[in-house]
**Q** 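Please find one structure pasted underneath; my questions will follow.
Everything numeric in this text was worked out from a predicted model, so none of it was measured. Residues: numbered from 1 along the sequence shown.
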Amino acid sequence: MDERKGDERKGAHGWMAIASIALITLLALAFLYASRRPHRAIAPRVAPAHPIMPTVQLWLSTADRRLRLVQQPDIEMSAHESLPADVVIDTRKTYQSIVGFGAALTDSSAWLLQDRMSGAQRSALLLEMFGPPPNLNMNMMRLTIGASDFSLQQYTLDDLPFGQVDPALQHFNVAANLLEVIPAVREILSVNPQLRIIASSWSAPAWMKTSENLIGGELLPQFESTYADYLVKYLDTYRGYGIPIFALTLQNEPGFVPVTYPGMEVPAATRARLIGQYLGPALANRKPKTHLLEWDHNWDKPEEPLSVLADPDAARYIDGVAWHCYSGSPYAQSKVHRAYPKKDAYITECSGGDWASSANGELLWFTRDLLLAGLRQWARGVVYWNLALDEKHGPHFGGCDACKGVVTIDSSTGEVSRNDEYYAFAHFSRFVLPGAVRVGSSETDKGIENVAFRNAADGSIVLVMVNSNTSTRHVSVREDRTGFQYTLPAQSVATFVWNPDQASVWIRRALDWLKSVR
């Protein structure tokens, strides 16, 4: 044998021995979650491009609007097996799975999209709102059954001249939705076929009511079964247009009687009877299933849904409770959850607006008090009120004259402005994907609120934190035996994303690399 070849072979065996020892060392370090310390002799030869410890991605917004969902430099994790931390993530503690986030396509929103934007403007906005990340990734929507205060006119789906009735619903039609609402929904479904739509009625047709008017009044007892048929006919008609309805509520805000726009009082006993005797049985065997949500009103009266759920005939058909944000606190959701843990919770309406309390912006309130708190109190989805309004807070027919949409569409040019609510929702909807599960995360004593999730598809952890203080706050986070630290700016919202399995991925790549050089 040529001596040089022998020497080369000896050198190769020696090098392979060094590489094997180095890999074993790195594997040991990875499994022990030790701090990364490059070995001078071997790092240039065997260290793959990916670090052993996960890195944390960060997106940041500030209440002063200086930063609006801006990605920051990655944060490197390190081993913190036994050190105390402000926030401890515990993925072994799991809570509700997440359906998603969205907004209502009111008649006003649909009109702006269809009549005040060009086709290119509309397509771009709908992709931005409902397209996958890095778009906003909204996958929930609320529709009104008939007119609301954000419609251009008052109507239901079976209007008749005064004094006439239609118990067979022969005059039922969705003509008022054919030009704007239905085309807009179909275009959104083409962007996101997994859209989950919640439909809510503001009023029964006037001929079904004690007031004989869309405004005020209650449902006449003799038309209770007809009203249930009316709602089912809506589901069937929309399905015929290729629009499946994920969930239905019996009545929007049944405890409130508006005086300027359609509404209807429906007491708890009436709701229980309607659901238990008529609507529930009519929906029971439908495929695909349409979920039935009770209440659809404010947090301040949990006794209302509790009363209906106490009726066994109604309760067996109810899938969950829908909540609004205008009074009370999201802790009402937990009160109902404790009593009926198998019933879901959804926040189906909440609006921002140009009122005194919003003078300094609404980023913190919507992130902290609506989304973060609502999700910590068992909400599976959060739906804002108007998807879009114009520069004059409309168009609207009575009701709120200062409400804001997630976006504002200039009624003259079609240009889009993104409001604080847009960024509050984006901190969740872009990162917490449908099917994610809320996991345990300890609360701090620093005025820092947080909520954490684990995505089902890739196991990534999403942690949303809000610093409401007027000064910076240093926080430490630990998940299992690793952790990181960060100083949150004053009055800011941060979304942190990392994958705990990153180390395992690195190890597999290192093993593959070793096989390739043998």
Side-chain angles (χ1 to χ4, degrees), residues 104-111 114 141-186 189 197-220 222-254 258 261-266 270-271 274-275 278-279 282-283 286 290 292-293 296 348-349 395-399:
L105 184 75
T106 58
D107 292 349
S108 298
S109 297
W111 180 80
Q114 299 297 122
M141 174 189 289
R142 191 175 183 220
L143 295 177
T144 70
I145 303 174
S148 70
D149 44 330
F150 284 92
S151 296
L152 281 70
Q153 60 183 359
Q154 293 187 15
Y155 71 94
T156 69
L157 307 182
D158 198 329
D159 293 325
L160 297 172
F162 184 80
Q164 296 184 21
V165 298
D166 183 24
L169 301 177
Q170 293 179 333
H171 298 282
F172 181 97
N173 68 88
V174 294
N177 299 156
L178 290 177
L179 292 179
E180 288 108 14
V181 173
I182 288 175
V185 177
R186 286 167 63 94
L189 281 166
I197 300 172
I198 300 173
S200 304
S201 174
W202 260 243
S203 173
W207 53 268
M208 294 188 192
K209 299 173 65 179
T210 58
S211 64
E212 299 183 272
N213 195 304
L214 298 189
I215 297 176
E218 295 185 39
L219 189 64
L220 289 164
Q222 64 264 34
F223 290 122
E224 288 180 359
S225 65
T226 307
Y227 183 55
D229 293 340
Y230 172 85
L231 297 176
V232 172
K233 201 168 184 68
Y234 169 85
L235 301 178
D236 290 338
T237 304
Y238 263 63
R239 183 178 294 176
Y241 284 98
I243 301 172
I245 303 299
F246 166 74
L248 177 72
T249 73
L250 184 68
Q251 168 66 36
N252 173 72
E253 300 190 344
Y261 61 92
M264 183 171 72
E265 183 178 5
V266 187
T270 304
R271 299 199 306 276
L274 273 165
I275 293 170
Y278 306 114
L279 188 57
L283 296 178
R286 291 174 64 88
T290 298
L292 186 56
L293 304 181
D296 207 12
T348 53
E349 185 180 320
H396 64 91
F397 197 108

**Q** Step by step, would you call Ile145 with Leu248 a side chain to side chain contact (heavy atoms under 4.5 Å, CB included)?
**A** CA-CA 10 Å; Ile145 303 174; Leu248 177 72; 3.7 Å; yes
**Q** Looking only at heavy atoms, which two atoms of Glu180 and Pro183 are closest? And how far apart?
**A**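 For Glu180 versus Pro183, the nearest heavy atoms are O-CD, 3.4 Å.
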**Q** If the condition is ring-ring contact (aromatic ring centres under 6.0 Å, His included), which residues does Phe397 pass it with, not counting sequence neighbours?
**A**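 ring-ring contact (aromatic ring centres under 6.0 Å, His included) list for Phe397, sorted by chain: empty.
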**Q** Tell me which one of Thr144, Asp296, Asn252, Thr348 satisfies side-chain hydrogen bond (donor to acceptor under 3.5 Å, both in side chains) with Ser200.
**A**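 Testing each of Thr144, Asp296, Asn252, Thr348 against Ser200, the sole residue satisfying side-chain hydrogen bond (donor to acceptor under 3.5 Å, both in side chains) is Asp296.
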**Q** Which of parallel (below 30°), tilted (30 to 60°) and perpendicular (above 60°) describes Phe150 and His396?
**A**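 Rings of Phe150 and His396: tilted, as their planes differ by 30° to 60°.
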**Q** Does the side chain of Leu214 reach to within under 4.5 Å of the side chain of Trp202, using non-hydrogen atoms?
**A**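 Not touching, per the 4.5 Å side-chain cut-off.
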**Q** Check Leu279 against Leu292 and note the closest heavy-atom contact, atom names and distance.
**A**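 In this case the closest contact between Leu279 and Leu292 is CD2-CD1, 3.7 Å.
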**Q** With sequence neighbours excluded, tell me which residues meet ring-ring contact (aromatic ring centres under 6.0 Å, His included) with Tyr234.
**A**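 ring-ring contact (aromatic ring centres under 6.0 Å, His included) check on Tyr234 returns Tyr238.
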**Q** Got a sec, which residues hit side chain to side chain contact (heavy atoms under 4.5 Å, CB included) with Pro395, two or more places apart in sequence or on another chain?
**A**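 For Pro395, the residues satisfying side chain to side chain contact (heavy atoms under 4.5 Å, CB included) (neighbours in sequence not counted) are Ser108, Trp111, Leu112, Leu152, Asp390.
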**Q** Does Ser201 have any side-chain hydrogen bond (donor to acceptor under 3.5 Å, both in side chains) partners at least two apart in sequence or in another chain, and if so, which?
**A**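 side-chain hydrogen bond (donor to acceptor under 3.5 Å, both in side chains) check on Ser201 returns Tyr227.
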**Q** Please give me the minimum heavy-atom distance between Met264 and Glu218, naming the atom from each residue.
**A**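 Closest heavy-atom pair between Met264 and Glu218: CG-CA, 4.1 Å.
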**Q** Assess, by modelled atom type and distance only, whether the side chains of Ser151 and Asp107 contain a donor and an acceptor separated by less than 3.5 Å.
**A**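 Yes, because at least one side-chain N or O of Ser151 sits under 3.5 Å from a partner of the opposite role on Asp107.
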**Q** Output all residues satisfying side chain to side chain contact (heavy atoms under 4.5 Å, CB included) with Gln164, sequence neighbours left out; order by chain, then residue number.
**A**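 For Gln164, the residues satisfying side chain to side chain contact (heavy atoms under 4.5 Å, CB included) (neighbours in sequence not counted) are Leu160, Pro161.
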**Q** Over all heavy atoms of both residues, which pair between Ala184 and Ala110 is shortest? Give the atoms and the distance, please.
**A**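 Scanning both residues, the minimum pair turns out to be CB-CB, 4.5 Å.
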**Q** Sequence neighbours excluded, which residues qualify as salt bridge (charged side-chain N to carboxylate O under 4.0 Å, His left out) partners of Arg286?
**A**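 Result, salt bridge (charged side-chain N to carboxylate O under 4.0 Å, His left out) vs Arg286: Asp236.
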**Q** Find out whether Thr249 and Pro254 are in side-chain contact, i.e. whether some heavy atom of one side chain is under 4.5 Å from a heavy atom of the other.
**A**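 Sidechains of Pro254 and Thr249: no contact.
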**Q** Looking only at heavy atoms, which two atoms of Gly216 and Ser211 are closest? And how far apart?
**A**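 Shortest heavy-atom contact: O-OG, 3.0 Å.
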**Q** Measure the spacing between CG of Leu157 and CG of Asn173 and express it to the nearest 0.5 Å.
**A**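 Separation between the atoms: 7.0 Å.
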**Q** Just to verify, what does Glu224 make a side chain to side chain contact (heavy atoms under 4.5 Å, CB included) with, not counting sequence neighbours?
**A**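 With sequence neighbours excluded, Glu224 shows a side chain to side chain contact (heavy atoms under 4.5 Å, CB included) to Leu219, Pro221, Thr270, Arg273, Leu274, Tyr278, given in chain and number order.
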**Q** By side chain to side chain contact (heavy atoms under 4.5 Å, CB included), which residues pair with Ile215, not counting sequence neighbours?
**A**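 Ile215 satisfies side chain to side chain contact (heavy atoms under 4.5 Å, CB included) with Gln154, Asn213 once adjacent residues are dropped.
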**Q** Any side-chain donor paired with an acceptor under 3.5 Å for Thr226 and Asp229?
**A**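 No, no side-chain donor-acceptor contact under 3.5 Å.
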**Q** Applying side chain to side chain contact (heavy atoms under 4.5 Å, CB included) between Tyr241 and each of Val174, Asn177, Val185, report the one that passes.
**A**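 Only one option passes, and that is Val174.
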**Q** What distance do Leu105 atom CG and Ile197 atom CD1 have between them, rounded to the nearest 0.5 Å?
**A**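 Rounded to the nearest 0.5 Å, the CG-CD1 separation comes to 9.0 Å.
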**Q** Counting only heavy atoms not in Arg239, do more than 12 fall under 6.0 Å of its CZ?
**A**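 Enclosed.
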**Q** Residues in side-chain hydrogen bond (donor to acceptor under 3.5 Å, both in side chains) with Glu349, at least two apart?
**A**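 Arg142, Tyr326.
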**Q** Pairs in or reaching into residues 158-180: which pass ring-ring contact (aromatic ring centres under 6.0 Å, His included), with residues at least two apart or in two chains?
**A**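 Passing the test, one end in residues 158-180: Phe172-Tyr230.
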**Q** Tell me every residue that passes ring-ring contact (aromatic ring centres under 6.0 Å, His included) with Phe246, counting only those two or more places apart in sequence or in another chain.
**A**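 For Phe246 the ring-ring contact (aromatic ring centres under 6.0 Å, His included) partners, ignoring immediate neighbours, are His291.
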**Q** Of all residues at least two apart in sequence or in a different chain, which pass the salt bridge (charged side-chain N to carboxylate O under 4.0 Å, His left out) check with Asp149?
**A**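 By the salt bridge (charged side-chain N to carboxylate O under 4.0 Å, His left out) rule, Asp149 matches no residue at all.
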